[in-house]
**Student:** 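Have a look at this one before I ask anything.
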Amino acid sequence: MTPGPLERAHNVITVNRALPPSPPAAGEVYHQQFRVAYEYPVHFTTDVFDPANPCLVSAVCRQGTPPRPLVVVVDAGAARAWPGFQDRITAYVAHHHRHLRLLVPPLTVPGGEAVKADPEATRDLGRRLLAAGADRHTAVAAVGGGAMLDFVGFVAATVHRGLRLVRLPSTVLAQNDSGVGVKTSVNAFGVKNFLGTFTPPYAVINDLGLLATLEERDKRAGMAEAVKVALIRDPAFFAWLEDYREALAAFEPAAMHTLIRRCAELHMEQIAGGGDPFERGSARPLDYGHWAAHRLESSSAYGLRHGEAVAVGMALDTRYAVEAGLLGEAAAARVMALLGGLGFALWHPHLEPPAGGGPWPLLDGLEEFREHLGGELSVILLADIGSPREVHAMDPARLAAAARWLSRHYGP
Ligand SMILES: NC(=O)c1ccc[n+]([C@@H]2O[C@H](COP(=O)([O-])OP(=O)(O)OC[C@H]3O[C@@H](n4cnc5c(N)ncnc54)[C@H](O)[C@@H]3O)[C@@H](O)[C@H]2O)c1
Ligand SMILES: [Zn+2]
């Protein structure tokens, strides 16, 4: 038989018995190709660990033969606010023993940004999953805020190259934004979200009752993401936020629940329909106000919550658009009035340009934002409420004018 090349039939490559004696000629390319479809349910419920509530069972038992192995990890900040919570989880699983099997009693991990910044925490949770005997069929149900979910998600995505993560977000921000999305991360080498993966969760359960014990600042911080997504995607939602501003500022549950549902829907639509769920391009279409926010979070040593920093970042970019002649004063006034009315500060000392000239540390945030995705700088600005515009440069003089304007109106 003549030595022949690889043969392809119906996209399957078969190898001839007699292989060519030398490597293929330069320029020969095999186009490997396959697709993986992702889908995951996002439940909205209350009292997820009431034995009568079937959400967790149906979220975990979607494939395979029950009982499914399960590890539950709880944010220590949340656990402190819920005495007896771990016992409730254990009792829930015992009640559903035909479907669920707890490998170890519920674990706790620290909550907040500190857990993302501690490399030992990653190893420690990995070690505990190893000791529990977690395998690729194990579901890891993580109950906590956005930081803890990013952290547990990263560990779950990398242990055995991927356990099944069921998120039970327990902050407003995590329920309406990060928890329904596809990203996991930890901070490393002083850079936020430096190590991470795009890993869709196995399921998400938004238990609106979990939010009752949140500190007021965490209830408020998550609302910044709703203002953000309304501004760039849904002017009718923005008008609704204006109408319900007082109820939201008072954290009335019915208004909060509507805000969370609509905000989560808009984030899910972007992931499924935006054409770039794993952010391979340079655009960050939902990250309005985020370049300055990331900088303010790190320069304040995470003294600002993510949502609080996003509110300041949106105020800055809104005023910048006015300075640049892109956005009208009246629309900008509506943005400031809504953010201020929800109780957000619209100024931070780290916004200030240096009094005597010289380098302005805030501007490093633009370069850091570009570096994270690589390629061209891409920042979202507003031409109107609901009308985003992508720009690829920001003018430092106009930014300084915007920062000074915020300082005059909302500063000390
Ligand atoms: N993955 C993504 O797509 C994405 C998107 C946006 C933000 N994030 C990340 O999310 C993080 C911010 O998350 P966050 O705003 O939810 O804050 P957080 O996770 O820092 O939580 C704030 C505090 O609330 C506590 N807590 C959580 N739930 C509680 C409850 N029900 N009752 C009482 N206390 C509770 C936590 O222990 C913590 O101390 C940041 O690290 C940010 O980078 C990720
Ligand atoms: Zn955000």
Side-chain angles (χ1 to χ4, degrees), residues 48 73-83 85 108-118 142-154 157 165 167-187 191-201 204 206-229 231-232 256 260 263-264 266-268 270-271 277-279 284-294 296-298 302-314 369 372 380:
V48 63
V73 188
V74 184
D75 182 315
R80 262 195 303 280
W82 306 322
F85 189 64
T108 28
V109 296
E113 202 66 29
V115 77
K116 282 175 70 170
D118 177 6
V143 193
M148 176 274 191
L149 294 177
D150 276 358
F151 158 75
V152 178
F154 177 68
L165 177 70
R167 294 200 193 105
L168 292 92
S170 68
T171 63
V172 174
L173 180 130
Q175 291 198 355
N176 70 10
D177 179 339
S178 71
V180 301
V182 296
K183 297 193 256 188
T184 81
S185 65
V186 293
N187 308 338
V191 181
K192 189 173 162 81
N193 300 333
F194 187 70
L195 300 178
T197 66
F198 286 96
T199 310
V204 182
N206 271 345
D207 179 345
L208 300 159
L210 295 181
L211 307 176
T213 52
L214 274 180
E215 279 181 31
E216 287 203 350
R217 71 180 292 203
D218 287 307
K219 286 188 185 161
R220 180 176 300 107
M223 289 198 263
E225 302 287 3
V227 176
K228 169 204 80 176
V229 81
L231 275 173
I232 53 184
M256 292 294 287
I260 290 168
C263 184
L266 288 164
H267 280 89
M268 289 169 67
Q270 176 66 34
I271 292 167
F278 293 168
E279 298 178 7
R284 307 185 64 156
L286 286 196
D287 276 359
Y288 184 54
H290 274 59
W291 73 267
H294 288 314
L296 292 172
E297 279 182 271
S298 61
Y302 299 98
L304 280 179
R305 295 281 200 255
H306 177 72
E308 293 168 341
V310 169
V312 178
M314 288 193 290
F369 196 65
H372 185 65
I380 298 293

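Values below: all heavy atoms of this structure, side chains included; hydrogens, waters and symmetry mates excluded. We're numbering straight along the sequence, starting at 1. Both counts, for ligands and for their atoms, begin at 1 and track the order of listing.
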**Student:** Does a salt bridge link Lys192 with Glu113, judged by any charged N lying under 4.0 Å from a carboxylate O?
**Tutor:** yes
**Student:** Within a distance under 4.0 Å of any heavy atom of Asp75, pick out the atoms of ligand 1 and give their elements.
**Tutor:**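 Atoms satisfying the 4.0 Å criterion: 27 (C), 36 (C), 37 (O).
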**Student:** Between ligand 1 and Ser170, is the shortest N or O to N or O distance under 3.5 Å?
**Tutor:**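 N/O-N/O distance under 3.5 Å: yes.
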**Student:** Under a 4.0 angstrom heavy-atom cut-off, which atoms of ligand 1 come close to Lys183?
**Tutor:** 1 (N), 3 (O)
**Student:** Looking at every heavy atom in both Glu308 and Ala221, which two are closest together, and how far apart are they?
**Tutor:**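 Minimum heavy-atom contact is N-CB, 4.1 Å.
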**Student:** Is Asp177 close enough to the Zn ion (ligand 2) that one of its N, O or S atoms comes in under 2.8 Å?
**Tutor:**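 No - counting backbone and side chain alike, Asp177 has no N, O or S atom under 2.8 Å.
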**Student:** Check each heavy atom of Leu214 against ligand 1 and say whether those closer than 4.0 Å belong to the side chain, the backbone, both or neither.
**Tutor:** both
**Student:** Heavy-atom contacts with Asp218 under 4.0 Å: which atoms of ligand 1 show up? List them by number with element.
**Tutor:** 22 (C), 23 (C), 24 (O)
**Student:** Does the N or O separation between Thr171 and ligand 1 drop below 3.5 Å for any pair?
**Tutor:** yes
**Student:** Please say whether Glu113 places an N or O atom under 3.5 Å from an N or O atom belonging to ligand 1.
**Tutor:**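 Yes.
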**Student:** Short N/O distance, under 3.5 Å, between Glu215 and ligand 1?
**Tutor:** no
**Student:** Test your reading of the structure: does Gly144 have an N or O sitting under 3.5 Å from an N or O of ligand 1?
**Tutor:** no
**Student:** Identify, by atom number and element, the atoms of ligand 1 in contact range of Thr213, meaning under 4.0 Å from any of its heavy atoms.
**Tutor:** 30 (C), 31 (N), 32 (N), 33 (C)
**Student:** Should Ala76 be counted as touching ligand 1, given the test is an N or O pair under 3.5 Å?
**Tutor:**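 In this structure, Ala76 places no N or O atom under 3.5 Å from an N or O of ligand 1.
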**Student:** Show me which atoms of ligand 1 lie under 4.0 Å from any heavy atom of Asp150.
**Tutor:** 1 (N), 2 (C), 8 (N), 9 (C), 44 (C)
**Student:** If you stand at the Zn ion (ligand 2) and look out to OE2 of Glu225 and NE2 of His306, what angle do those two lines make, to 10°?
**Tutor:** 90°
**Student:** My understanding is that only one of Ile260, Val180, Val204 makes a side-chain contact (heavy atoms from CB on, under 4.5 Å) with Gln175; could you say which?
**Tutor:**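 Answer to the side-chain contact (heavy atoms from CB on, under 4.5 Å) test with Gln175 among Ile260, Val180, Val204: Ile260.
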**Student:** Check whether any N or O atom of Leu210, backbone or side chain, sits under 3.5 Å from an N or O atom of ligand 1, and answer yes or no.
**Tutor:** yes
**Student:** Given Phe151, which partner from the list Val73, Asp75, Val115 fulfils the side-chain contact (heavy atoms from CB on, under 4.5 Å) test?
**Tutor:** Val115
**Student:** Using a 4.0 Å cut-off to any heavy atom of Lys192, which atoms of ligand 1 qualify?
**Tutor:**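 Numbered from 1, ligand 1 contributes 40 (C), 41 (O), 42 (C), 43 (O).
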**Student:** Determine whether the side chain, the backbone, both or neither of Lys116 has a heavy atom under 4.0 Å from any heavy atom of ligand 1.
**Tutor:** side chain
